[in-house]
Amino acid sequence: MIVALIIACEVGFWVLLALGLAVRYLLKWRRTSVVLLLCEPVLELVLFVVTAIDLKNGAEPGWEHGLAALYIGFTVAYGHYTIRWLDGHAAHRLGGAPKPVGPPRYGMPRARHEGRLWLRTVLAAAVSCALLQAAVWYVGDDGDVSSLRAFQWAALRTAGIHGLVALAYLIWPKKDPGDGMNAAGVTSSKESVRR
């Protein structure tokens, strides 16, 4: 049942998001779109409550409970970011707004962007681990909590791996191919303009 609810929440997230953006930019009903978009966190609350009730009713803690915690953590950390990103693109395509500026691609601005994304992943891992720890305490010493512990380690590993990727952008920043010399050894136009 939990897996079906996770799938329903994910589908509901995208349906509410599409409806909210369509109502905002096609029908110009801003208040209605805000109400639809504010329903997004309700999905996670429902998932959290149903998962807690499932454990309270004696369900053996399993991978589905761990997956629910990871899903909630990801949505807390990345949900608003995703909505804002899609809202910018919908405003451009449907509302005539200028094209949204993409993330930086090179150098230290890209490293800072990756660092901010990593902080979101750390938040997702922290929320997931906290929910999983609450479930572990709730189940107590009598139940098998190994699957919940495994998902805690999965959340921490994900944050660690993402941290290494973000660190790589800081240590070895990607260089703009338009800067410096081109393959033939001729200074690019950007470099010559600076001189």
Side-chain angles (χ1 to χ4, degrees), residues 3 6-7 9-11 13-14 17-18 21 37 40-41 43-44 47-48 63-93 97-136 145-195:
V3 175
I6 292 170
I7 293 169
C9 285
E10 180 66 13
V11 170
F13 175 86
W14 292 105
L17 184 56
L21 295 176
L37 293 175
E40 299 279 4
L43 296 172
E44 280 67 46
L47 179 59
F48 176 72
W63 64 270
E64 60 275 7
H65 300 102
L67 184 62
L70 291 182
Y71 177 80
I72 292 170
F74 177 83
T75 305
V76 166
Y78 281 95
H80 180 68
Y81 176 81
T82 303
I83 291 170
R84 194 175 68 234
W85 182 82
L86 285 171
D87 185 43
H89 285 280
H92 168 63
R93 294 198 183 264
K99 185 175 181 178
V101 177
R105 298 180 64 184
Y106 306 107
M108 289 310 293
R110 178 60 186 226
R112 281 190 293 277
H113 173 74
E114 292 297 328
R116 285 190 296 271
L117 288 180
W118 173 69
L119 290 175
R120 288 183 180 280
T121 302
V122 169
L123 175 62
V127 169
S128 299
C129 286
L131 291 173
L132 289 164
Q133 188 60 44
V136 166
V145 294
S146 58
S147 62
L148 300 177
R149 293 278 186 217
F151 272 92
Q152 283 181 319
W153 284 112
L156 293 173
R157 275 194 310 271
T158 301
I161 291 168
H162 192 176
L164 291 174
V165 170
L167 186 62
Y169 275 97
L170 181 65
I171 295 172
W172 300 288
K174 191 174 178 184
K175 300 207 185 311
D176 187 347
D179 286 345
M181 301 253 191
N182 62 20
V186 178
T187 305
S188 71
S189 59
K190 283 185 182 178
E191 190 65 29
S192 59
V193 167
R194 285 191 200 132
R195 293 181 183 173

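Values below: every heavy atom of this structure, side chains too, minus hydrogens, waters and symmetry copies.
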Backbone of [Y] reached by a side-chain donor or acceptor of [X] within 3.5 Å:
{"X": "Ser128", "Y": "Ala69", "result": "yes"}
{"X": "Tyr78", "Y": "Leu117", "result": "yes"}
{"X": "Glu40", "Y": "Leu17", "result": "yes"}

Is there a side-chain contact between [X] and [Y] (heavy atoms, below 4.5 Å)?
{"X": "Trp63", "Y": "Val3", "value": "yes"}
{"X": "Leu132", "Y": "Val136", "value": "no"}
{"X": "Pro100", "Y": "His89", "value": "yes"}

Would you please name every residue forming a salt bridge (charged side-chain N to carboxylate O under 4.0 Å, His left out) with Glu64, sequence neighbours left out? none
So, Gln152 and Arg157: side-chain donor and acceptor under 3.5 Å apart, yes or no? no
Rounded to the nearest 0.5 Å, what separates atom [atom1] in [X] from atom [atom2] in [Y]?
{"X": "Leu21", "Y": "Leu37", "atom1": "CG", "atom2": "CG", "answer": "6.0 Å"}
{"X": "Trp118", "Y": "Ile161", "atom1": "CH2", "atom2": "CD1", "answer": "13.5 Å"}
{"X": "Ile6", "Y": "Glu44", "atom1": "CD1", "atom2": "CD", "answer": "11.0 Å"}
{"X": "Leu70", "Y": "Thr75", "atom1": "CG", "atom2": "OG1", "answer": "10.5 Å"}
{"X": "Trp153", "Y": "Cys129", "atom1": "CH2", "atom2": "SG", "answer": "9.0 Å"}
{"X": "Glu10", "Y": "Leu47", "atom1": "CD", "atom2": "CG", "answer": "11.0 Å"}

Residue pair Phe13, Tyr71: steps toward the side chain to side chain contact (heavy atoms under 4.5 Å, CB included) verdict: CA-CA 12 Å; Phe13 175 86; Tyr71 177 80; 4.2 Å; yes
Which heavy atom of [X] sits nearest to which heavy atom of [Y], and what is that distance?
{"X": "Leu148", "Y": "Gly66", "answer": "CD2-N, 4.1 Å"}
{"X": "His92", "Y": "Pro98", "answer": "ND1-C, 3.5 Å"}
{"X": "Glu114", "Y": "Ala166", "answer": "O-CB, 3.8 Å"}

Are more than 12 heavy atoms, taken from residues, nucleotides or ligands other than Phe48, located less than 6.0 Å from that residue's CZ atom? no
Show, in sequence, the C-alpha distance, side-chain angles and deciding distance for Gln133 and Arg149, and conclude whether the side chain to side chain contact (heavy atoms under 4.5 Å, CB included) test is met. CA-CA 8 Å; Gln133 188 60 44; Arg149 293 278 186 217; 2.8 Å; yes
Passes side chain to side chain contact (heavy atoms under 4.5 Å, CB included), Leu170 versus Arg112? Steps please. CA-CA 8 Å; Leu170 181 65; Arg112 281 190 293 277; over 6 Å; no
Of all residues at least two apart in sequence or in a different chain, which pass the ring-ring contact (aromatic ring centres under 6.0 Å, His included) check with Tyr81? none
Tell me, with the steps shown, if Leu131 and Phe151 meet side chain to side chain contact (heavy atoms under 4.5 Å, CB included). CA-CA 11 Å; Leu131 291 173; Phe151 272 92; over 6 Å; no
